[in-house]
Number of protein chains: 2
Amino acid sequence: MMSKTDVIIIEDNELLRDSLKEAINKSSSISCINAFGSGEAALEFIESEELVPDIILLDIGLPGMSGIELIPELKKLSPSSKIIIITIHDDDENVFNAICAGASGYLLKDLSSNGIVNSISEVMNGGAPMNSHIAKKVLNMFRDQNVKSSGYSLSDREKEILALLVDGLSKKQIAENIFLSHHTVDSHIRNIYAKLEVHSRSSAISKAIKEKLL
Amino acid sequence: MMSKTDVIIIEDNELLRDSLKEAINKSSSISCINAFGSGEAALEFIESEELVPDIILLDIGLPGMSGIELIPELKKLSPSSKIIIITIHDDDENVFNAICAGASGYLLKDLSSNGIVNSISEVMNGGAPMNSHIAKKVLNMFRDQNVKSSGYSLSDREKEILALLVDGLSKKQIAENIFLSHHTVDSHIRNIYAKLEVHSRSSAISKAIKEKLL
DNA sequence: TTATCAATCACGCAAATGCGTGATTTTTAA
DNA sequence: TTAAAAATCACGCATTTGCGTGATTGATAA
């Protein structure tokens, strides 16, 4: 038989903490083995007891060390634990930081006890439960990071040469690479600079990569 | 009274198409106004009828034009329509492309009719319903894009100068900027090159931006 | 305590870069 | 058909870059 899923809770609000604990312990497959009111308390206990929970339910708005700051520390002490954020903070910055720090789920505090328990199961099955509005934020952030700018109307040749510049080639190397005179390459590079409104290779390369021109 | 949510379906499998349509029309707040077996058929109809659905349920594996290719075309004809992907394809590439093209949701075909109807409501409420495993993929892709590499052990001074290089400054400009001799700047740049294992400013800048060294 | 590393500064030179100022041909759009 | 853009090639020159080959001063770790 499969052993129970071990959960710990880090949440400063005592009422919420207790109700979460209660809800979890009602389920036959999950058990809340500990609950803490601060990150520091949790870290201390985990370290001294060498605790390795399957799931850590984590609030962001904690006294002292914030939930976000806590994530890397928790990962250090117990790398296999999956972290689920449960918070009222749904701003881009917190969502971004939590995900980058390695959270496996991001839920809002309006979720039912039943929803929490289901989310824990989803994480154990390799999923990443997310509030639908959080998911929307993630999708938007993701898309914004990957839109290819196309506003400089570079020609195909110019894009080709810009790509070679990004790869670190000199004019001569580029010329050899695409069988052109280095004068022609020079000419193309000037046109690229004009279109990108820069005056140096460095700026052109930075702009090309940062604004995903290729 | 609020008007009904208008949905169209683009799905080549006739059985699934019909069962989706049926499930949607059972709901009192949603109605399926049309269903198509191919992207081309849908585009033609939308254009000629000037159809503006609230939601488009879209399969990826379509005959002819794929669902992914279809997204920009649909957005062109009806920019306000929200697109929900319903597919069996859960590979990174399809997920990535669908999101970047502007999908508002990504569901798998194992979802119940009820789940589909709920997802439509979520999108209408500004959310982005996602299968939990898809969400996991998105989270991982998102995180991977934003991890800061730190494996080159650049000193603070070197990072500072590397940042100025990325900004397109010359040695002289950097020297003026941080009140150093241009010789010193030159020396730092050489050390940066050595640590990054490059031999040109271009390569250093590319590496710095692509691998998020700053 | 000693050695390593970071940070600072210096000279010289071959190569590369950025730009002014041209030209010719081909392709594309009006 | 005609004008505009793209692609090709050329010379010269001031500036910048990359690198060889040094030195000195601190801080920090072995």
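So you know, we letter chains A, B, ... as the sequences are listed, proteins then strands, and number each from 1.
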Check this for me: does the side-chain of A:Ser187 come within 3.5 Å of the base of D:dT8 through a donor and an acceptor?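 Donor-acceptor pair under 3.5 Å: yes.
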Answer with yes or no whether B:Arg190 presents, from its side chain, a donor or acceptor under 3.5 Å of a partner atom in the base of C:dT8.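 Result: no qualifying N/O pair found.
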Please state whether the phosphate of [N], meaning OP1 or OP2, lies under 4.0 angstrom from any side-chain nitrogen or oxygen of [X].
X        : N      : value
A:Lys195 : D:dA6  : yes
A:Ser200 : C:dG18 : no
A:Tyr193 : C:dG18 : yes
B:His182 : C:dC9  : no
B:Lys172 : D:dT15 : no
B:His188 : C:dA6  : no
B:Ser170 : D:dT15 : no

How long is the line joining [atom1] of [X] and [atom2] of [N], in whole Å?
X        : N      : atom1 : atom2 : answer
B:His199 : D:dT17 : NE2   : C1'   : 15 Å
A:Gln173 : C:dA16 : CD    : P     : 8 Å
A:Ile189 : D:dA6  : CD1   : P     : 17 Å
B:Ile174 : D:dG18 : CD1   : P     : 10 Å
A:His183 : D:dT8  : NE2   : P     : 14 Å
A:Ile205 : D:dT17 : CD1   : P     : 13 Å
A:Leu180 : D:dC9  : CG    : C1'   : 10 Å
A:Lys171 : D:dT17 : NZ    : P     : 13 Å

Using heavy-atom distances to pick each residue's nearest nucleotide on DNA chain C, tell me which of B:Ser153 and B:Phe179 is more 5'.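 With B:Phe179 and B:Ser153 compared, the 5'-side residue is B:Ser153.
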Would a distance-only check, ignoring hydrogens and angles, find a side-chain to backbone donor-acceptor pair under 3.5 Å from A:Lys195 to A:Ser153?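 Indeed, once roles are kept as given, a pair shorter than 3.5 Å links the two residues.
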Give A:Asn191 one of three labels, base, sugar-phosphate or nothing, depending on what nucleic acid heavy atoms sit under 4.0 Å from its own.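 Answer is nothing: A:Asn191 stays at 4.0 Å or more from every strand.
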Determine the sole option in B:Lys172, B:Arg201, B:Lys171 for which the salt bridge (charged side-chain N to carboxylate O under 4.0 Å, His left out) test with B:Asp186 is passed.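 So the option named by the test is B:Lys171.
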Of all the choices, [options], which nucleotide is nearest to the side chain of [X] once you look at every atom?
X        : options               : value
B:Thr184 : D:dT8, D:dG18, C:dC9  : C:dC9
A:Arg157 : D:dA6, D:dT8, C:dA7   : D:dT8
B:Arg201 : D:dA10, D:dC9, D:dG18 : D:dG18

Apply salt bridge (Lys or Arg N to Asp or Glu O under 4.0 Å) to residues B:Glu11 and B:Lys109 and explain how you reach the verdict. CA-CA 11 Å; B:Glu11 160 66 58; B:Lys109 282 187 175 172; 3.1 Å; yes
State which residue, out of B:Ile30, B:Leu20, B:Ile9, fulfils the side chain to side chain contact (heavy atoms under 4.5 Å, CB included) condition with B:Ile116.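 Among B:Ile30, B:Leu20, B:Ile9, the one meeting side chain to side chain contact (heavy atoms under 4.5 Å, CB included) with B:Ile116 is B:Leu20.
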Establish, from distance only, whether the side-chain atoms of A:His183 and A:Ser181 form a donor-acceptor pair under 3.5 Å.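 The criterion, which ignores hydrogens and geometry beyond distance, is not satisfied for A:Ser181 and A:His183.
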Check the surroundings of atom CD in A:Gln145: do more than 12 heavy atoms from other residues, nucleotides or ligands lie under 6.0 Å from it?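 Yes - once you tally the heavy atoms of other residues, nucleotides and ligands closer than 6.0 Å, there are more than 12.
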